[in-house]
Structures are given as C-alpha cells and as structure tokens.
Amino acid sequence: MRIGRICEAIGRWFDRTEDSNNMNTLSLFAKFRKDRVEPHNSDDHCIPTDHLDVTDVEDSKYLNWLKEHPSALTVFQEIMNAANGKQIVVFLDYDGTLTPIVDDPEKAFMSPAMRSAVRDVAKKFSTAIISGRSRDKVYGFVKLEELYYAGSHGMDIKGPVTQSMSYECKYQTKALDHQGNELTIFQPAQDFLPSIKELLNRLKKETCDIEGVFIEDNRFCLSVHYRHVPENDYAALEKIIKSVLEEYPKFRMNFGKKVMELKPSIEWNKGNAVLYLLDTLGYANSSDVFPIFIGDDKTDEDAFKVIRSSKQGCPILVSSIPRDTRALSSLQDPTEVESFLIRLANWVPAGTQ
C-alpha cells in the first residue's frame, strides 16, 4: 500500500508544481499510477487524485528524493527516447537487484520470472551481470548462457571473445563457455590469488569465536558477512578484521549491507568493468551506445560515475529509501527491476514499428 500511496501523492505533488519543465514527468507519473491499478491501455487517461494529499506519504524525504531520482518505470519512455538510435547495453548487479537481500547469502536464488525477464532482455541487447560475488557463484544462481558475467566487483570477467588492446594481455585468456563457444576471461587481480587464499585462512582462524560470522570466498575478494553476528560483537569483529589487514597492506576494506568487503588495492572497480566490456563489445569512446546500469550497492556508484561522465546512458539505483547517489533514476526493489526489464525487452524503437 505504501508504494501505491507514494505514487498517488507524487502525482498530486507535481500537479502543484507550476514549472512547465515538469509536465512530461507529470504525465509519465500519471500513467504509472494507472498502470498500478489496471492493465496498460494507451488510450486511458490518468485516474483522479484530488482526494489524496502529500500527507498520506509515510516518508516525505523519500518523496522529495524521488523528484531528483524519478522511478525508471514512470520515466521509461523518456529513457527510451534518449536511447533511440543508439545501441543499448545492459549491466545488472545481482544481490538486491535481481534478487532480494536474504539472511543466508548461499540462498539468494533468482526467481523463474526474473530469470525469464533477464533472458528476454539478453536476446535483444548485450547484457552483463557485475557482482561482488565470485563469477562462478553468480552463474550458478543465474544459469543463463546469453549473458556476460563479471564477478569479484569486476575483477573476474567472462566477456566477448574479442580481447582489448587497452588492457594487459597477460590478464586476458581465451576460454570456452558451457556450450563450447569461445570467449575471453579477464582477471586484472590475478597476481593476488595466493595472498587472498592466505588472508581467507587467517580470517577464518581469527574470527572462529565470533558467533554468526560468515566469510565468503569470492575468489578475487572476500566478503565478511555479519548479518547474524550479535550487535554487541560488531566492534570486536571490525577490530579483528582491521588488525589482520594491517599485515596485508595491499588489501583494502569497504562496507556494504551487513558485510565487509576485502579487495586487492588495485585501480579496478565496477566502473572499470563497464568500460572494459564496452571496449570489447566495440563501443569504446562511442557516441552510439546507451549503457543502462541497475544496482543497489555502494560499489555500483563507480559504474554510475562512469556512465554519468560519458553523458550518455542511464544509471538506475535500486532503493526504497533516500540515498546519496550518482544515479539518474531509481527503482524500489527487485520486483520493480523485473517490471522494468520486461518493458525493456518489449520496447520497440521509434521508426521500426
């Protein structure tokens, strides 16, 4: 009900705005409200909202935030208008984007409906999943051969067969996928593998007495999950992790959602992974490409920054609360991500109907 009330209130809020530049956004919000009530019909008019008020919204800060980061569902046509005539490339985070955040990281399974939506998008556009998980683990969850996969925050990429001359050849190797198709594996943190294994064993030993801690081996990075750790043990766990890292100066730590991410200190992140994949797809420095990145994590901000700096494409944040972000648009949760992907897969470019 909260989502519905927010959408209704947004429409009324925009009705009160006299800025003519907001009128296109207003009409899209109105259409979105109707889509929530009944199946879409291009001949329908927006439903009346005079009886509603902004006071119906539980979180006015979120409402204000939405003005700066409107729902990608409400402004879908505006996004597609900007993409028309360009080659769309889709980048997706996994946890919190294609599947809800779950208590057990090993059970973050993708729903059949989401898998179908992602598959349909990949049939029309080059599509990649860029996750903090290990590449093999993400593939185990998704199980779609049509995609490119980048694990370990982009430090382990299964990409197009074309190798990039802009990146060191020693980190790019030819391989075959599960169907025997040739591809390229790019692993810029390859030299850190022995240290990562050593660090993993050390952390398991040092944290074994802390209840609920789970250390996930993502091959080129480590995730220390503390979702099930008693809150009064948070400080002790963080102290242990930082103490161990003092002996591994070539690694750095970042915080995620109830997780501490330990990564090699190289100049590489999800933004670099986006640039690498665009390069190998033939779109390096191209003005004819329109990348769309959908993600919910702080680490996705690096990809958002890359897309914003190119002045083309659309970074979309998945969040139901106001957050500082470089994203241009937003979606509340994986359910809305699924709806967006379905619409994207069914989109017909102007002039091709």
Side-chain angles (χ1 to χ4, degrees), residues 93-110 129-141 149-157 187-273 295-303 318-319 321 323:
D93 185 21
Y94 185 75
D95 294 278
T97 299
L98 299 181
T99 181
I101 299 293
V102 295
D103 287 339
D104 185 349
E106 300 295 310
K107 296 181 179 178
F109 302 117
M110 176 186 279
I129 293 179
I130 304 180
S131 170
R133 302 269 198 153
S134 73
R135 176 167 53 84
D136 289 343
K137 186 168 292 184
V138 173
Y139 174 80
F141 283 137
Y149 292 88
S152 303
H153 299 285
M155 289 183 282
D156 186 9
I157 301 175
Q187 299 172 330
Q190 201 174 91
D191 298 337
F192 288 84
L193 279 175
S195 297
I196 292 171
K197 292 297 182 185
E198 182 181 312
L199 178 58
L200 173 64
N201 293 331
R202 177 71 184 280
L203 288 173
K204 285 183 175 180
K205 179 180 178 181
E206 296 294 333
T207 62
C208 63
D209 292 331
I210 296 183
E211 178 186 353
V213 66
F214 170 60
I215 302 176
E216 184 177 12
D217 181 2
N218 291 314
R219 194 173 188 201
F220 290 96
C221 61
L222 303 175
S223 298
V224 182
H225 298 273
Y226 58 92
R227 187 171 298 275
H228 297 293
V229 172
E231 191 170 347
N232 56 2
D233 287 337
Y234 285 0
L237 176 61
E238 183 178 348
K239 183 178 180 180
I240 290 173
I241 302 302
K242 289 182 175 179
S243 175
V244 172
L245 280 183
E246 287 178 358
E247 302 175 29
Y248 295 85
K250 293 184 178 181
F251 287 81
R252 67 181 188 273
M253 181 177 73
N254 301 107
F255 283 90
K257 296 179 179 179
K258 296 291 185 180
V259 62
M260 288 177 271
E261 303 277 7
L262 312 182
K263 312 170 193 174
S265 294
I266 62 172
E267 291 298 322
W268 197 265
N269 53 48
K270 289 186 178 183
N272 298 104
D296 75 304
D297 196 72
K298 291 180 181 178
T299 58
D300 297 321
E301 293 293 332
D302 294 313
V318 183
S319 179
I321 59 174
R323 281 172 50 185

Could you state the interatomic distance from CD (Glu216) to CG (Leu200), rounded to the nearest 0.5 Å? 10.5 Å
Tyr149 side-chain N/O to Ser131 backbone N/O, donor-acceptor pair under 3.5 Å: no
Does anything in residues 204-215 form a side-chain hydrogen bond (donor to acceptor under 3.5 Å, both in side chains)? List the pairs, not counting sequence neighbours. Arg202-Glu206
Rounded distance (nearest 0.5 Å) linking atom CG of Asp233 with atom CD1 of Ile210: 6.0 Å
Taking the side chain as C-beta and beyond, is there a heavy-atom pair between Leu199 and Leu245 under 4.5 Å? yes
Hey, are the side chains of Tyr248 and Glu198 touching, using non-hydrogen atoms and a 4.5 Å cut-off? yes
With rounding to the nearest 0.5 Å, note down the distance linking CG in Asp156 to CZ in Arg135. 4.0 Å
Working for side chain to side chain contact (heavy atoms under 4.5 Å, CB included), residues Lys257 and Asp296: CA-CA 10 Å; Lys257 296 179 179 179; Asp296 75 304; 2.5 Å; yes
How far apart are the C-alpha atoms of Leu193 and Gln187, what are their side-chain angles, what is the distance that settles it, and do they pass the side chain to side chain contact (heavy atoms under 4.5 Å, CB included) test? CA-CA 10 Å; Leu193 279 175; Gln187 299 172 330; 5.6 Å; no
Sequence neighbours excluded - salt bridge (charged side-chain N to carboxylate O under 4.0 Å, His left out) pairs with any residue from residues 234-243: Glu238-Lys242
Give me the atom names and distance for the closest heavy-atom approach of Phe255 to Lys298. O-CD, 3.7 Å
Charged N-O contact under 4.0 Å between Asp93 and Lys270: yes
Glu231 atom CD, over 12 foreign heavy atoms within 6.0 Å: no
First locate atom CG of Asn254, then atom SG of Cys221, and finally report the distance between them rounded to the nearest 0.5 Å. 10.0 Å
What one should report as the nearest heavy-atom pair of Ala273 and Ile130 is CB-CD1, 4.1 Å
Between atom CG of Asn201 and atom CD1 of Ile196, what is the distance when rounded to the nearest 0.5 Å? 12.0 Å
Do any side-chain atoms of residues 99-106 form donor-acceptor pairs under 3.5 angstrom with protein atoms, and if so which ones, sequence neighbours left out?
| from | atom 1 | to | atom 2 | distance (Å) |
| --- | --- | --- | --- | --- |
| Thr99 | OG1 | Phe109 | O | 3.1 |
| Asp104 | OD1 | Glu106 | N | 3.0 |
| Glu106 | OE2 | Lys137 | NZ | 3.3 |

Please tabulate, for side-chain N and O atoms in residues 259-268, each donor-acceptor pair with protein atoms closer than 3.5 Å (sequence neighbours left out).
| from | atom 1 | to | atom 2 | distance (Å) |
| --- | --- | --- | --- | --- |
| Glu261 | OE1 | Ser223 | OG | 2.7 |
| Ser265 | OG | Lys250 | O | 3.3 |
| Trp268 | NE1 | Gly154 | O | 2.6 |

For Lys197, which residues count as a salt bridge (charged side-chain N to carboxylate O under 4.0 Å, His left out) partner, sequence neighbours excluded? Asp217
Per the ring pair (Phe, Tyr, Trp, His ring centres under 6.0 Å) rule, what does the pair list look like for residues 191-211, sequence neighbours excluded? Phe192-Phe251
Is a side-chain N or O of Asp300 found less than 3.5 angstrom from the main chain of Asp297, in a donor-acceptor match? yes
pair Leu203-Leu222: side-chain heavy atoms closer than 4.5 Å: yes
